[in-house]
There are 2 protein chains.
Amino acid sequence: MLTHCMAVISGAWAANVIWSLRAGPRRFNELRTDIPPISAKVLSSRLTELEQRGVLSRNVRPTSPPSVEYALTDLGGELVPALEAIVEVGHRLKKRDDG
Amino acid sequence: MLTHCMAVISGAWAANVIWSLRAGPRRFNELRTDIPPISAKVLSSRLTELEQRGVLSRNVRPTSPPSVEYALTDLGGELVPALEAIVEVGHRLKKRDDG
DNA sequence: CGGCATCCTAGGGGATACTG
DNA sequence: CAGTATCCCCTAGGATGCCG
């Protein structure tokens, strides 16, 4: 159960993608820039996966050159506070380690 | 940054361990029972890792047979609401898939 | 620009067996 | 009971190259 739910944000970079989209829609290459060490392949798979799960939406705009925008869905947006909470605790855990 | 924080709960079963401890302290074999498909080796590594990060505490009680209790630290406990939020969204995502 | 297909590698994780 | 040691395997993910 938990495991199934966690699957949504596990897999490398899934959380980063959501994180990167929390301020608004982003295009494919913008996401690549946001998350430097990610490879195109993985970003692509992650995006597909997250779209299928209903976490984000994909919007192709018929411009030239073509442009594709990714944005969090309502449900996807609800993941943001959870991630923020984790980051918050992560910070404190780190400070504890360092100090 | 996010990545580093996420590392705390990523790695197979870390989230499950925290989840399993949210109601109170548990012993090694109780955790194994709680999370059936986990192997002793992995549970052991995860426990060690989480202890070092300060997420949980390990308390050896000199009984016979020996017993070891694991419990969430204060910081570890703060992860629980985050996990609950994720589970909540996970549920809704699933219902959306099914429905 | 966006994004598959291919190939390849590292290491996280499973099974089993053994110890204190 | 609570682990540790060993071995093996699987697959998520990186690199590269090509296509619409």
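From a predicted model like this one, the values you see are computed outputs, not experimental measurements.
Checking side-chain atoms of A:Ser44 against main-chain N and O of A:Ala40 turns up no donor-acceptor pair under 3.5 Å. Between the side chain of A:Ser20 and the main chain of A:Asn16, no donor-acceptor pair closer than 3.5 Å is present.
The SG atom of B:Cys5 lies 9.0 Å from the CD atom of A:Glu88; values are rounded to the nearest 0.5 Å. Between A:Glu78 atom CD and A:Thr73 atom OG1 the span is 8.5 Å, to the nearest 0.5 Å.
Under a 4.0 Å N-O distance rule, the pair A:Arg26/A:Asp34 qualifies as a salt bridge. The pair B:Glu49-B:Arg46 meets the salt-bridge criterion, since a charged nitrogen lies less than 4.0 angstrom from a carboxylate oxygen.
Using modelled atom types, one finds a donor on one side chain and an acceptor on the other under 3.5 Å when comparing A:Arg58 with A:Tyr70.
Residue B:Leu56 forms a side-chain contact (heavy atoms from CB on, under 4.5 Å) with just one option from B:Leu50, B:Ile18, B:Leu79, and that option is B:Leu50.
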> How does protein reach along nucleotides 1-13 of chain C, written 5' to 3' as B (base within reach of a heavy atom under 4.0 Å), S (only sugar-phosphate), or - (no contact)?
Replying inline: SSSS-BB-----B
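Here the C1' atom of nucleotide D:dA2 and the CD1 atom of B:Ile38 are 14 Å apart, to the nearest Å.
Terminal axes of the helix from C:dC1-D:dG20 to C:dG20-D:dC1 (five pairs each, C1' rotation axis) are separated by 50°, to the nearest 10°.
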